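Okay, structure first, notes after.
Keep in mind that what you see is a predicted model, and the values were worked out from it rather than measured. Numbered from 1 within each chain, the chains take letters A, B, ... in sequence-line order.
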Amino acid sequence: MKEKAIHVARLKRSFKMGEDTVHALNGVSFGIEKGEFVTIMGSSGSGKSTLLNLIGCLDSPTSGTYKIDGVPVKDLDRNQLAQIRNEKIGFIFQSYNLLPRTTALENVELPLLYNNAIGVEERRKRALAALEKVSLSDRLHHTPSQLSGGQQQRVAIARSLVNDPVVILADEATGNLDTKTSYEIMSLFQELNKQGKTIVFVTHEPDIASFSGRTIVLRDGKIIRDEQNANVRIAKDDLRTIPKQG
Amino acid sequence: MRMLNLLKISFKAIVLNKVRALLTMLGVIIGVASVIAMLAIGEGSKQSIKAQISSMGSNMITIRPNAERQGGVRLSRSEMQSLTLDDFELIQSEALLLTNVSPQVSGNGQVIYGSDNWPSNIYGVNPEYLAIRVWEVQHGSMFTDAEVKSASKVAVIGQTVQENLFTNGENPVGSMIRFNNIPFKVTGVLEEKGENTFGQDQDDVVLAPYTTVQKRILATDYLQSITASAISEEQSEQAVEEITALMNKSHEIQEGATADFEIRSMEELISTFSSTGELLTLLLVAIASISLLIGGIGIMNIMYVSVKERTREIGLRLAVGAKNNDILMQFLIEAILISVTGGSIGVLLGVSATFFIEKILSWPTSVTGYSIVISFAVCAITGIFFGWYPARKAASLDPIEAMRYE
């Protein structure tokens, strides 16, 4: 049987806030197959950020099991988690989180700097390939301040691709972008998904969710809906309907 | 591989903050430069004192009569009559740790040549005296042992005497001078020796056979002192002990009684001066070390601010897979790079400052290899020590919180 990219079962995460215990996640179970494009939705406080941190191995669950690419991560220490993040996960953030005053190429190379198995040439080759995929081959030596928001997010996407991860985790990746640029980014995600990338996309915009194949909706730390989208929109087609600006 | 990457990352961080890095380095630069300059000045003065003493003959040993009371009156050393030619002959024949021995009698008076005259000192010695004092004859030659035996009226003169007597540039060698109206034939002129440690002009001297000076000028058969040289500087202490034993025996000095002679070696003089010099150096280095310490605190300060400022960057690095140690090393290397670069600039500055001190103030200086090595090592240690705390803090950040940090 093929390994699931992500498998969570009865996942719980609670925080101590003074006297009270807050159950941010209260028993969540689902699986994501390789090659799926899943959106996780929910209002603020629904536990979607907590879930994303757990999937991203940035945090450890209070109870329950979590396997990424068949590897259980519950009892791993800080450094082992770092290695999982380095090899199996690609992060994309709402505010891009690129290193300032550092070129696009160097930003994309960053995750590979922490992988001993990859040499200088291989690193450069992979970074160039990743930037090619996001159509930024002509902006290799631009620093973030010389790039538009959409371009910066594309650099961030290239960075998430460079280690050939099991899953790409995007946290409100279009939150800071205008509609047109958002659609362009979604179009890029759909393109990557078509090439076989597994994508988990966290958002609170139903509009953005409709570009993915499956939507998981959280409320108060529990899944209230988990269904395949009957009508997946194609971002590239929708782009044409947006009137040109200026 | 990993180390090289970290080095690159740290290097880049410094390059991106050139001015701040330079300002941080300033403390270390000044600290190291002052340590090196201070040590160079201390070492230089120590060496120049040592060189001056050595020019008098660093393995020189002097035996003098000890001032005694005679009927309640303390006599001056020169009036003492306890040192004789017998002592000289005894030391010359029996002492094994000595290379050269010379008796010494001295007097002062007026030297006259033609219409010029000059007040000077006459030293009655034997030819070995020059070897003891590490002195050479520049023109002509030293008088011989035969001339000593026959008490010939011959002399060699120092540069000061030559300058003041032979004012028209005549060649002194072969000419006749008079000392207290006794005529002497000049056989040679000594090379210039300059002032001694006490500011005395060593070139204002006339050397003549001790026999001649005893008979013609002083009319005594006593010696004022015996000068000798030990085989080496290291063995001069043993030589002193050897002579003391010989003299105690021949002068029948009881154990515990005050001897009627006194023996001094240059070694004692050198160590006295050296210890003063060392204390001075220590003081200078202590002051300089404090400035190095302040430089280190400056590094810690900046690194601490830098970690705070780059919290989001640290969060991102952790998120994409940097391990605790990667972050720790990144900031530690950055601190070390700053301190070591500062150290290198400090070494350059210290050495050139030393050079200018020597050129402009004409103070004797000497940059020692160990001072450079030590201050460099201290720099690296400063970097590690003061970089550790901020680096530790960076490495222990939680990636989720660090990325949210504003």
Side-chain angles (χ1 to χ4, degrees), chain A residues 13 15 24 49-50 52-54 56-60 76-103 106-123 143-144 156 159-163 165 169 171, chain B residues 1-22 302 305-334 337 391-406:
Chain A
R13 180 72 172 102
F15 299 96
S49 291
T50 308
L52 191 80
N53 288 339
L54 287 173
C57 295
L58 290 165
D59 197 6
S60 296
L76 298 182
D77 67 20
R78 219 176 123 104
N79 284 338
Q80 287 166 320
L81 286 176
Q83 193 166 347
I84 298 269
R85 290 198 294 271
N86 187 246
E87 289 168 4
K88 298 193 187 293
I89 296 164
F91 283 101
I92 299 162
F93 307 96
Q94 181 175 4
S95 47
Y96 328 131
N97 283 43
L98 299 176
L99 294 184
R101 291 181 288 178
T102 306
T103 64
E106 284 172 306
N107 263 299
V108 173
E109 282 183 344
L110 186 69
L112 300 182
L113 277 179
Y114 297 105
N115 188 336
N116 285 334
I118 292 166
V120 184
E121 279 169 43
E122 172 75 5
R123 188 163 72 216
T143 60
R159 182 179 65 196
S160 76
L161 290 171
V162 79
N163 57 349
L169 294 181
D171 185 7
Chain B
M1 190 61 229
R2 190 157 207 140
M3 224 37 210
L4 198 71
N5 285 344
L6 289 171
L7 203 68
K8 261 189 222 159
I9 294 169
S10 307
F11 183 73
K12 223 183 139 178
I14 292 174
V15 172
L16 285 177
N17 279 301
K18 274 191 246 34
V19 176
R20 191 169 75 181
L22 201 71
I302 291 295
V305 172
S306 176
V307 167
K308 268 261 178 290
E309 203 181 80
R310 280 149 66 188
T311 303
R312 279 170 70 91
E313 176 195 322
I314 295 163
L316 173 74
R317 287 181 187 278
L318 287 167
V320 300
K323 299 197 166 94
N324 286 5
N325 264 347
D326 295 330
I327 301 294
L328 181 79
M329 289 309 285
Q330 179 190 336
F331 282 91
L332 208 52
I333 289 171
E334 199 174 316
L337 272 182
R392 186 73 250 168
K393 203 161 174 71
S396 60
L397 284 174
D398 179 62
I400 302 169
E401 275 165 28
M403 272 192 295
R404 267 193 222 128
Y405 185 86
E406 290 298 332

Relative to chain B, which segment of A/S49 carries a heavy atom at a distance below 4.5 Å: side chain, backbone, both, or neither? neither

What one should report as the nearest heavy-atom pair of B/K323 and A/A82 is CG-CB, 4.1 Å

Using heavy atoms and a sub-4.5 Å threshold, report which of residues 11-19 of chain B line up against chain A, by residue number. B/K12, B/L16, B/N17

Could you give all pairs that pass the salt bridge (Lys or Arg N to Asp or Glu O under 4.0 Å) test and reach residues 76-91 of chain A, with sequence neighbours left out? A/D69-A/K88

At a heavy-atom separation under 4.5 Å, does B/L318 approach chain A through its side chain, its backbone, both, or neither? both

Is the shortest distance from a Lys or Arg side-chain nitrogen in B/E309 or B/R20 to a carboxylate oxygen in the other one below 4.0 Å? yes

Got a salt bridge between B/E334 and B/R310, using NZ or NE/NH1/NH2 to carboxylate O under 4.0 Å? yes

With A/P111, the side chain to side chain contact (heavy atoms under 4.5 Å, CB included) member among A/V162, A/I89, A/L161: A/V162

Measure B/Q330 against the heavy atoms of chain A and call it side chain, backbone, both or neither at under 4.5 Å. side chain

In terms of side-chain geometry, is the basic nitrogen of A/D59 or A/R13 positioned less than 4.0 Å from the acidic oxygen of its partner? yes

Which heavy atom of A/P165 sits nearest a heavy atom of A/G90, and at what distance? CB-N, 3.5 Å

